[in-house]
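Just so we're on the same page: letters track the sequence lines, and every chain starts at 1.
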Protein chains: 2
Amino acid sequence: MSDEALIPVPGLRLSEQVIERIAHLVEAGEVSRNGRFPSERMLEARWRVSRLVIREGFRALEMQGVVESRPGGGRFLRMDRVPDLARLRRARLETGRVPLLRLWEAREGVESQTAALAALRATPAQQEAIARPLRLTVALSPEALRHTDVNAEFHLAIARACGNPVLEELVADLVSRSQAEGFRHLVEAEDWSALQSGHRPILDAIVAHDPEAARRSMAQHFAALRHSLDRGDASG
Amino acid sequence: MSDEALIPVPGLRLSEQVIERIAHLVEAGEVSRNGRFPSERMLEARWRVSRLVIREGFRALEMQGVVESRPGGGRFLRMDRVPDLARLRRARLETGRVPLLRLWEAREGVESQTAALAALRATPAQQEAIARPLRLTVALSPEALRHTDVNAEFHLAIARACGNPVLEELVADLVSRSQAEGFRHLVEAEDWSALQSGHRPILDAIVAHDPEAARRSMAQHFAALRHSLDRGDASG
DNA sequence: GTCCGTAATTGGGTTACCCAGTTGGAGCTT
DNA sequence: AAGCTCCAACTGGGTAACCCAATTACGGAC
């Protein structure tokens with residue numbers, strides 16, 4: 001079933017088909033037995049494609065952390081990453097963008113947690129790093145704010161202060177994806193400065209070492225954002 | 001600066017260095033101007049490596065959705081994915097594992113949100129999908145539970161019911177990483193079944209369409225998990 | 001100025017080759 | 001029989017010279 005020759009399909013590169021086949025090897029249990037893949041030359045003969053194609057496929061999977069290559073040794077399945085395989089195959093298909101609303105919903109959950117943890121753990125220096133973008137917020141004009149990163153920096157500073165690398169990574173990811181969606185253009189200017197003022201209670205709660213107040217403030221901040229998005233959708 | 005010849009470095013493949021160079025091209029602004037990368041042959045001569053290496057690097061980036069290849073046309077930077085580049089470069093480096101405690105802290109934030117949203121949006125079929133692993137929990141012996149995925153399935157079913165693909169993806173990721181850390185072996189058997197019973201109030205709140213109760217129950221569930229982890233650390 | 005055909009260019013893929021590590025077994029030693 | 005050494009085969013990493021189909025760019029004809 002996974003031994004037939006690979007034939008070129010318009011719009012689908014051979015290396016993509018190879019990834020599919022590799023995933024199939026795993027799901028069929030042919031690999032998990034010992035965790036070692038057949039060699040490049042083996043698969044080359046088996047699927048009737050050149051080594052280049054095989055290698056490109058494996059390289060992509062290696063970048064995702066699913067496969068590990070040992071020169072001279074072979075290629076191995078990283079058992080702790082097997083669940084990622086299914087997600088990976090889906091990811092290739094759904095290149096689609098995600099609505100800003102969904103990103104904000106996610107950030108409400110993640111960043112309520114970072115705010116609460118930051119309230120528990122932020123050092124004075126980290127508190128200052130959170131406060132600085134807030135000072136810039138009040139110093140700059142609402143119009144100027146639309147073109148800066150003070151908003152993102154505020155959220156990132158909190159994430160860095162929460163003492164959890166996982167959460168820090170998640171926030172960095174979600175923030176950059178939010179920016180990619182170009183949310184600056186979706187929120188009205190007056191709303192914008194008002195939302196910035198929503199940052200203030202968050203900072204206060206963090207400085208006061210009050211985790212629950214920080215969590216609540218952050219959640220309210222995103223709730224306000226969602227409302228402004230609703231109005232923006234309705235008006236425009 | 002990004003024109004010097006690429007030299008082999010032990011433990012670092014050339015294609016990995018190529019990814020670094022490509023990212024540099026973007027960050028230096030050489031590409032974003034028109035969104036088109038120099039051709040394979042161009043970069044081959046510029047960096048003194050074979051086309052294979054160039055192509056492997058681009059292919060990996062293409063799988064991540066950052067780059068788009070058009071045969072006969074060239075390779076293009078997907079502007080809406082540019083922020084992913086930074087994340088990508090980090091991802092290659094931090095293969096390091098993360099303490100289970102940090103994963104659970106992150107999941108507390110993310111899954112409190114999925115639980116709340118699921119309470120608002122779960123269809124009857126989705127409620128059933130959440131309830132099923134819970135029934136298995138009470139049906140199986142505590143010892144048997146340690147070797148099944150009912151726990152993970154419960155959390156994943158909630159994520160699928162929350163109607164947010166971003167959150168669903170985050171939970172799938174965090175759950176698989178938690179499993180990779182082998183948490184089954186860290187929690188005592190008696191704690192385990194007790195923690196499973198913590199799932200009950202979450203399901204009840206979701207079925208009752210009570211988002212705040214769902215949020216609270218999920219947070220308490222993870223708080224209980226953390227406590228058991230503390231005891232586990234202290235005793236062993 | 002517009003249109004069309006040609007030539008150069010681009011990514012996709014193949015084949016043949018070389019290198020440096022790893023692996024595993026044959027054959028020796030103890 | 002158990003252990004050791006050493007070498008041959010194998011594995012992934014990388015290079016070079018090709019061929020193909022599709023796109024692009026350009027220049028001449030109209």
Atom-to-atom span, CE of A:M42 to P of D:dG12 - whole angstrom
10 Å
Looking only at non-hydrogen atoms, find the nearest pair between A:I54 and A:L43 and report the distance.
CD1-CB, 3.7 Å
Sub-3.5 Å donor-acceptor pair from the side chain of B:E169 to the main-chain atoms of B:V166, do we have one?
no
What N/O pairs connect the protein and nucleotides 15-21 of chain D at under 3.5 Å? Give each pair on its own line.
residue : atom : partner : partner atom : Å
D:dT15  : OP2  : B:S50   : N            : 3.0
D:dT15  : OP2  : B:S50   : OG           : 2.8
D:dC18  : N4   : B:R51   : NH1          : 3.4

Ring centres under 6.0 angstrom apart (B:H155, B:F222):
yes
May I ask you to establish whether B:R75 and B:F58 are in a cation-pi arrangement, using a distance under 6.0 Å from NZ or CZ to the six-membered ring centre and at most 45° from the ring axis?
yes
If you assign A:R13 and A:R70 each to the DNA chain C nucleotide with the nearest heavy atom, which residue ends up on the more 5' nucleotide?
A:R13
To the closest 0.5 Å, what do you measure between CD (B:E30) and CG (B:L25)?
5.0 Å
Check B:E56 with B:R59, please: is the shortest side-chain N to carboxylate O separation under 4.0 Å?
no
Using the ring of each side chain (for Trp, its six-membered ring), is B:H221 parallel, tilted or perpendicular to B:H199, with breaks at 30° and 60°?
perpendicular
Between which nucleotides of DNA chain C, read 5' to 3', does contact with chain A run, using atoms under 4.0 Å from its heavy atoms?
C:dG12 to C:dT22
B:Q113 side-chain N/O to A:R107 backbone N/O, donor-acceptor pair under 3.5 Å:
no
